[in-house]
Amino acid sequence: MRRLRVPPLNEPASPSVFFLMGLFLGIFIVLLVVLILTGSFIGFPYNEFLKPGNVSENGTQIIEQGRERTDWRIVIRLYRGPFLIIIMLFLLAFNVHGWRSAGVNHVLIFELDPRNHLSQHHIMELAACMGVLWCVSLLLFFYSDFLGISHYAIPVIVSGVMLVFFINPFHVLFYDARKWVMKIVFRIIAAPFFAVGFADFWLADQFTSLSPAFLDIEYFICFYSFEVPWVTGGIPSRSNVCMSNSNAIRPILAVLPSWFRFAQCLRRYRDSKLAYPHLVNAGKYSTSFFVVLFSALNSMHVERYSEDFIAQRPVFYLWVISAIISSCYSFWWDIRMDWGFLDRNAKSNRLLRDSLVYSSSWYYYYTIVQDLVLRFAWTISISVNELGLLHHEILLSVLATAELWRRFVWNFFRLENEHLNNCGEFRAVRNIAVTPVGKKTDMALLVRTASDQEDGLTKKDSRKLHSIWKEANEEMKRDQDQHPSANAELFPINIPDPSYNPEEDEEEKDKDKEKEKKNGGEEVLLELAD
């Protein structure tokens, strides 16, 4: 029974996990403060290179050694991608904590192993560990001149360590979780050829929020292939070929996450033959293709004719129109389809739905407003870029972080809606409870007590367990009365009595039969006596 027992979702983590999480988190915060102070007072390291100098008296060219600060744009593009991934891991840890606290059973929705999956503490520990590695790498980059090491070798090391961690085949360092992620990533890449599950399109949606990281990966490969000083013989490249917007690979990588979701929607339509919602959802992601296309053409036009006014760039208007259509389409899909809001039949919660898992309805209204604002955050880049108020790389970093926050909030309500509509196609179809069990009803104790008794329950434990079971059923019935719109087939009220013993039941039935025979015999004797 102990091997068959599934641990409760709110089972506390081991002390070692808390220790490592606190250790790495504390080191990460301290290193982050040190990193800010270092960047403010020391600055970026120098690049040493050779340059032609004055001509000597005999007519020979004198070669001089020059020094210049490393271009800060290079540092941002080399380190921004890993930083965004680390931020997403931190936010995912808070997502898991929120799901568990509210009773949203993400384990069943993602079809994870109930006995072996990462808790929010493990994810926080992993994010903090990656954050420490990222901070140490950037500090070494700043102090590379004092340490006498090549500062361009350090970003390669940190990116290589993170990549090896995720793809190493050994059964260490969260092997099962990494295997699950790699499996889902493979299914996302090969979306048209495999059936699509909830975890597949959920992770692909996370990738759409990491589009800047995909672009930074392209720059990383391009820079170390063509512009890094040890490739150019110690002379820094002045061509900035990797910074150029004329590179056709960048828009392809930018549109790649949307293509994955587009292909998944087509596959789901093929399997279900339902044009709505799958083809309509595919249309939403197809609008991103035009946004990326016109944005790339506009950037190329600005790069070549930087002094042109907006009125002389018709492609700019095409980009704005396509971006407005895409943002409106995506916002409507978020609140209506992904979250299930704007339910016409909702009586108690205006503009929302009757069944709400989270404690306050104001969370939901805040989510609608912030999703609308962040869906149109790209409009800030128009005024900022045209007026020259902020550099494009800094603005892109700010907007990328804001998009991660929007996705973080989106995850809460997307999983909640999946939890409430558990029988949809390509979703988990197991029975799960809508609301978390109350404090008075200790279901964790109920499961442990019923499963850990190898020699059976004593009469005292059986009576105690039966009372807990009875209280659980009454509490769930009260919740069902408060939320009559919940699907009764999905969320059964009656919980099996764990104190029920079939053998004891058979013994009681035999005793009842003997009593009936005895009573029947006494009645016959009384009739004969009469």
Side-chain angles (χ1 to χ4, degrees), residues 81-82 84-85 88-89 92 106-113 116-118 159-160 162-171 174-218 220-221 248-293 326 330 333 337-338 407 410-411 414-415 418 424-429:
L84 293 177
I85 295 175
M88 175 162 278
L89 286 176
L92 181 60
H106 68 286
V107 175
L108 286 179
I109 294 175
F110 289 125
E111 298 187 354
L112 302 174
D113 184 357
N116 186 17
H117 61 275
L118 297 185
S159 299
M162 293 180 67
L163 180 62
V164 169
F165 168 80
F166 281 107
I167 67 174
N168 84 85
F170 301 105
H171 290 252
F174 311 119
Y175 172 77
D176 293 327
R178 289 187 292 104
K179 180 181 177 182
W180 181 83
V181 172
M182 294 303 296
K183 177 183 176 183
I184 298 300
V185 170
F186 173 76
R187 292 171 63 89
I188 291 173
I189 297 174
F193 307 105
F194 292 94
V196 182
F198 179 86
D200 301 332
F201 62 77
W202 179 85
L203 187 58
D205 279 328
Q206 311 306 304
F207 285 169
T208 59
S209 297
L210 287 173
S211 294
F214 282 82
L215 297 179
D216 290 336
I217 292 173
E218 179 272 337
F220 186 93
I221 298 173
I249 299 178
R250 291 183 65 82
I252 294 176
L253 289 177
V255 82
L256 202 57
S258 297
W259 160 255
F260 291 148
R261 287 295 289 119
F262 179 79
Q264 287 179 338
C265 293
L266 295 182
R267 174 67 194 208
R268 297 184 70 185
Y269 168 70
R270 175 188 177 276
D271 294 338
S272 64
K273 306 301 181 184
L274 296 176
Y276 184 84
H278 303 312
L279 288 185
V280 182
N281 198 15
K284 181 191 73 171
Y285 290 103
S286 67
T287 59
S288 301
F289 303 160
F290 298 98
V291 175
V292 174
L293 174 62
S326 178
S330 301
W333 194 271
M337 302 302 297
D338 288 340
R407 183 63 62 182
W410 180 91
N411 285 335
R414 182 66 185 90
L415 265 290
E418 186 70 18
E425 294 183 59
F426 298 97
R427 301 175 180 178
V429 292

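Since this is a predicted model, take the numbers as computed values, not measurements.
- Applying the salt bridge (Lys or Arg N to Asp or Glu O under 4.0 Å) test to pairs two or more places apart or on separate chains, those with a residue in residues 177-203 are Arg187-Asp200.
- Phe166 CZ: more than 12 foreign heavy atoms inside a 6.0 Å radius.
- Within 6.0 Å of atom CD1 in Ile249, 12 or fewer heavy atoms from other residues, nucleotides or ligands are found, so the atom counts as exposed in its surroundings.
- When all heavy atoms of Phe193 and Arg267 are compared, the pair lying nearest together is C-NH1, 3.7 Å.
- Counting heavy atoms from C-beta outward, Arg250 and Phe214 have side chains that stay 4.5 Å or more apart.
- When all heavy atoms are compared, the tightest approach of Pro277 to Trp333 is O-CH2, 3.4 Å.
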Starting from the C-alpha separation in whole Å, work towards a yes-or-no answer on side-chain contact (heavy atoms from CB on, under 4.5 Å) for Phe198 and Phe110. CA-CA 7 Å; Phe198 179 86; Phe110 289 125; 3.5 Å; yes
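- Nearest approach of Ser211 to Pro257, heavy atoms of both residues: OG-CG, 3.9 Å.
- Leu274 CG to Tyr269 OH: the interatomic distance, rounded to the nearest 0.5 Å, is 9.0 Å.
- When side chains are defined from C-beta on, Pro212 counts as touching Leu84, because their heavy atoms get closer than 4.5 Å.
- Applying the side chain to side chain donor-acceptor pair (under 3.5 Å) criterion to Thr287, with sequence neighbours excluded, gives Ser326.
- To the nearest 0.5 angstrom, Arg414 atom CZ is 9.0 Å from Ile109 atom CD1.
- In this structure, the separation between CH2 on Trp202 and CZ on Phe207 is 9.5 Å, given to the nearest 0.5 Å.
- Note that CD of Glu418 and CG of Asp338 are 10.0 Å apart. Values are rounded to the nearest 0.5 Å.
- Atom CZ of Arg268 and atom CG of Asn281 lie 8.0 Å apart (nearest 0.5 Å).
- Taking the six-membered ring where the residue is Trp, the centroids of Phe201 and Phe260 are separated by 6.0 Å or more.
- Under the side-chain contact (heavy atoms from CB on, under 4.5 Å) criterion, Phe262 pairs with Trp259, Leu266, Ala282, Tyr285, Ser286, Phe289, not counting sequence neighbours.
- Nearest approach of Val292 to Ala254, heavy atoms of both residues: CG1-CB, 4.0 Å.
- Atom-to-atom distance recorded for Leu210:CG and Leu215:CG is 11.0 Å, nearest 0.5 angstrom.
- Scanning all heavy atoms of the two residues, the minimum distance from Val255 to Ser288 falls at CG2-O, 4.4 Å.
- Residues Gln264 and Arg261 bring a donor and an acceptor atom of their side chains to less than 3.5 Å of each other.
- In this structure, the side chain to side chain donor-acceptor pair (under 3.5 Å) partners of Gln206, at least two apart in sequence or on a different chain, are Asn411.
- For Phe165, there are no ring-ring contact (aromatic ring centres under 6.0 Å, His included) partners at least two apart in sequence or on another chain.
- Judged as a side chain to side chain donor-acceptor pair (under 3.5 Å), and not counting sequence neighbours, the contacts of Thr208 are Arg407.
- Using a 4.5 Å heavy-atom cutoff, the side chains of Asp176 and Asp113 are not in contact.
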